[in-house]
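As structure tokens, the structure follows; a few thoughts come after it.
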Amino acid sequence: MILPGNYVRDLLRSAPGAAVTARGWVKTRRDGKNVHFIQLNDGSSPTDLQVVLDEGLVAAEVVAKITTGACLSVEGELVASLGKGQAVELKARTLTVHGAANPEDYPLQKKKHNLETLRPLGHLRARTNTFGAVFRVRNALARAIHKFFQDRGFLYVHTPVISSSDAEGAGSMFQVTALDLDQTARSGEPPDFAQDFFGRRTFLTVSGQLEAEILALAFANVYTFGPTFRAENSNTPRHLAEFYMIEPEMAFCDLKDDQDLAEAFLKSLVEQVLGDCRPDLEFLSKWYEPELFKNLEVVLAGGFERISYTEAVALLQKSGRSWEFPTEWGCDLQSEHERYLTEELIKKPVIVTNYPREIKAFYMRSNDDEKTVAAMDVLVPRIGEIIGGSQREERHDVLLAKIREQAARGMKEEAYWWYLELRRFGGVEHAGFGMGFERMMMYLTGMKNIRDVIPFPRTPGNAEF
RNA sequence: UCCUCAGUAGCUCAAUGGUAGAGCAUUCGGCUGUUAACCGAAGGGUUGUAGGUUCGAAUCCUACCUGAGGAGCCA
């Protein structure tokens with residue numbers, strides 16, 4: 001294996017004179033009269049290591065196998081480069097081809113491919129410069145998230161992937177079953193979920209929030225960071241059927257604290273990734289989003305704009321624009337509205353709060369006006385909603401009344417017995433939010449399609465890799 | 001799921017009813033401490049699939065498949 005200090009990233013920063021072994025995959029080879037140049041990369045760096053191989057050092061049949069995509073080990077000496085473009089290069093002493101990649105068949109060429117062309121090549125696209133940069137940012141973002149919360153004393157908690165709560169209509173769910181569906185179909189009878197593995201109907205989780213509340217009422221500040229599933233037939237550049245979500249949940253926390261945390265969170269993530277991945281971001285900015293750094297600096301620059309839903313609607317009404325969808329108090333904000341607010345009118349992240357209770361989930365805390373709930377959405381340019389959160393209803397009687405209101409829509413009071421009991425035993429005001437990890441990735445990398453910020457995207461009709 | 005657009009060589013694209021082409025990639029040859037290397041040549045196609053219109057279809061029509069963008073749902 002490659003040991004610390006021996007990644008291509010490390011070798012590129014090493015002083016000439018060291019005897020080293022580099023391992024990786026060939027980006028391209030150029031031939032001189034007496035010498036071959038090999039661009040080698042192990043995924044650790046946006047810059048390749050240039051390997052210099054003297055003519056005759058290895059047999060011609062071996063040189064012929066050093067083609068784009070081939071896997072090599074090269075042992076030799078780091079030397080100051082004679083050419084431009086790199087400080088050091090590796091002068092090969094021995095070279096081993098582990099796996100050739102027949103250039104007649106290998107689908108990747110050394111020049112630029114479309115992202116759409118690469119999508120069906122899920123097994124190879126990670127070797128490209130673009131996906132190298134994107135997935136290094138992904139790693140740095142995950143680390144930044146943990147660091148932010150760990151530094152604040154939050155407990156990292158794990159909520160179940162298999163869930164029995166058919167959570168408040170947060171989208172269609174994937175059903176999980178161990179029943180023999182062929183047999184069920186043949187029998188002509190409806191499936192008996194009492195006979196299923198868990199003795200009840202179960203689904204893949206659409207949110208760990210309700211369980212996170214349990215843990216927040218024991219550890220005060222907690223966060224989840226795990227996979228989440230939506231079976232919606234969504235075909236957009238912003239939706240996945242399987243994605244990662246971060247859900248902090250805080251006791252002794254109201255909507256104001258919730259907003260403060262969300263803002264500090266986004267700023268910290270941008271700051272950390274800018275610090276950790278600048279060369280990767282420069283690559284992505286150059287090829288995909290010239291405004292990338294400008295967009296990121298807007299997050300750091302000043303406070304986020306904070307407006308109420310009521311103010312937002314008023315702003316939309318006096319914008320002088322004709323909207324495809326109505327902008328009346330009580331209607332949900334549409335994509336076009338959110339985009340106008342954050343991209344055109346305010347031109348920076350916006351937190352919209354206190355939405356009408358009818359358009360928000362049952363667990364959000366009712367405000368004193370009885371018309372709105374203590375909800376917040378954080379909108380950022382280009383992405384739209386990146387965070388959604390709320391202060392939770394901690395008053396047992398109010399929550400129970402809301403659940404009963406929704407009984408007509410199929411909400412079962414019994415299923416929420418434990419959620420209600422949390423309000424009877426040591427309840428306290430608490431709040432939290434959810435951030436889509438891949439949405440944040442899109443913002444940080446400038447990628448326009450969410451399928452290009454996750455190694456193996458799950459979308460309707462796509463689960464190949 | 002709805003609306004719009006697209007599908008031609010491995011890749012990026014041209015050809016608008018009349019002989020399917022270019023650049024890159026690939027192969028071969030040449031040149032060169034090269035770095036999106038360069039120069040020359042060659043191979044490479046059932047134009048997404050199935051029908052239809054026409055003397056003749058990549059091109060027009062219908063259905064389907066696949067992809068992209070927009071909408072809804074949301075993170």
Q | Below 4.0 Å: OP1/OP2 of rG72(B) and any side-chain N or O of S335(A) | A | yes
Q.
If you compare every side-chain N and O of K33(A) against the phosphate oxygens of rC31(B) (OP1, OP2), does one of them come in below 4.0 Å?
A. no
Q: Please figure out whether D54(A) or P103(A) has its closest RNA chain B nucleotide nearer the 5' end.
A: P103(A)
**Q.** Among rC74(B), rG33(B), rG67(B), the one nearest N462(A) by side-chain distance
**A.** rG67(B)
Q: Kindly confirm whether the side-chain ring of F37(A) is stacked on the base of rG33(B), judged by centres under 5.5 Å and planes under 30°.
A: no
**Q.** Of D377(A) and K448(A), the one whose closest RNA chain B nucleotide lies more 5'
**A.** K448(A)
Q | Listed nucleotide nearest any side-chain atom of L240(A), set rA71(B), rA75(B), rU35(B) | A | rA75(B)
Q) Looking only at side-chain N and O atoms, does S207(A) come under 4.0 Å of OP1 or OP2 in rA75(B)? A) no
(Q) Testing the 3.5 Å rule here: is there a donor-acceptor pair between the side chains of Y223(A) and Q150(A)? (A) yes
Q. Can you find a side chain N or O atom of N114(A) that sits less than 4.0 Å from OP1 or OP2 on rU12(B)?
A. yes
Q.
Check the phosphate of rA37(B) against R30(A), side-chain N and O only, distance under 4.0 Å to OP1 or OP2. Yes or no?
A. yes
Q. Under 4.0 Å: is that the gap between some side-chain N or O of Q50(A) and OP1 or OP2 of rU34(B)?
A. no
Q. Out of R143(A), K147(A), R136(A), which residue meets the salt bridge (charged side-chain N to carboxylate O under 4.0 Å, His left out) rule with D276(A)?
A. R143(A)
Q: Examine rC73(B): is either OP1 or OP2 under 4.0 Å from a nitrogen or oxygen in the side chain of N235(A)? Give yes or no.
A: no
(Q) With a cut-off of less than 4.0 Å, is there a side-chain N or O of R29(A) near OP1 or OP2 of rU34(B)? (A) no
